[in-house]
Amino acid sequence: AYTSTLVILDKKSIDKLTDEQLTNVYMDALVDVEARKDFLGHFGFAGKELEEYKAALKYRLLLLVEIHGRNLDIPQFERY
């Protein structure tokens, strides 16, 4: 089973983040989503793991909305 350390914040908590904190939280979420995707590709998801993956994707989108709202640059993540 995939074990995540990602803490999903609610909208009010996201709003309170500084720009630097928001960027760092976004990068953590992006790394987590990519790690889950790799895990899914190797082992597949079912039940709770699939729901947690979808929650992480939605969280990443919420963070992106906030980043765009603040006119910040989006951290890029390239696969090697």
Side-chain angles (χ1 to χ4, degrees):
Y2 177 80
T3 304
S4 174
T5 58
L6 184 67
V7 176
I8 296 180
L9 303 172
D10 61 18
K11 178 72 171 122
K12 288 174 82 173
S13 297
I14 292 171
D15 291 343
K16 293 178 184 178
L17 295 173
T18 66
D19 291 351
E20 182 177 356
Q21 289 170 324
L22 177 61
T23 301
N24 288 332
V25 167
Y26 174 77
M27 288 188 294
D28 290 343
L30 183 57
V31 168
D32 188 81
V33 165
E34 291 297 320
R36 288 174 192 261
K37 195 183 310 180
D38 285 348
F39 188 87
L40 169 66
H42 287 82
F43 302 105
F45 282 150
K48 182 180 176 190
E49 289 173 332
L50 179 59
E51 293 306 312
E52 289 173 349
Y53 178 67
K54 291 192 294 188
L57 287 173
K58 182 176 180 181
Y59 181 56
R60 180 178 170 215
L61 290 175
L62 286 173
L63 293 171
L64 277 173
V65 168
E66 184 66 24
I67 287 171
H68 283 292
R70 295 185 191 188
N71 294 316
L72 300 174
D73 291 329
I74 299 169
Q76 299 299 312
F77 180 76
E78 292 186 32
R79 306 281 312 225
Y80 297 100

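Quantities reported herein were computed from a predicted structural model and do not represent experimental measurements. Numbering of residues begins at 1 and proceeds along the displayed sequence.
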Partners passing ring-ring contact (aromatic ring centres under 6.0 Å, His included) against Tyr53 (at least two apart in sequence or in another chain) = Phe45
Which atom pair, heavy atoms only, marks the closest approach of Leu6 to Ala29?
-> CD1-CA, 3.8 Å
Kindly give the heavy-atom pair with the smallest separation between Leu63 and Tyr26, and that separation in Å.
-> CD1-CA, 3.7 Å
Are there more than 12 heavy atoms of other residues, nucleotides or ligands under 6.0 Å from atom CG of Asp73?
-> no
Where is the tightest heavy-atom contact between Gln21 and Lys16, given as atom of each residue plus distance?
-> OE1-O, 4.4 Å
Are Val7 and Leu62 connected, step by step, through hydrophobic side chains (Ile, Leu, Val, Met, Phe, Trp, Tyr) whose heavy atoms are closer than 4.5 Å?
-> yes
Heavy-atom closest pair (Ile14 atom, Arg70 atom, distance to 0.1 Å) is O-NH2, 3.4 Å
In the single-linkage hydrophobic clustering (I, L, V, M, F, W, Y; side-chain heavy atoms under 4.5 Å), do Leu64 and Tyr59 co-cluster?
-> yes
When every non-hydrogen atom of Thr23 is compared with those of Leu72, the smallest separation belongs to OG1-CD1, 4.5 Å
So CD of Glu66 and CG of Leu61: to nearest 0.5 Å the spacing works out to 13.5 Å
Find out whether Glu49 and Arg36 are in side-chain contact, i.e. whether some heavy atom of one side chain is under 4.5 Å from a heavy atom of the other.
-> no
Is the NZ atom of Lys48 crowded by more than 12 outside heavy atoms at less than 6.0 Å?
-> no
Side chain to side chain contact (heavy atoms under 4.5 Å, CB included) involving Lys54 - partner list, sequence neighbours excluded | Leu50, Glu51
Just one of Leu30, Leu17, Ile67, Ile8 clears the side chain to side chain contact (heavy atoms under 4.5 Å, CB included) bar with Val25, so which one?
-> Leu17
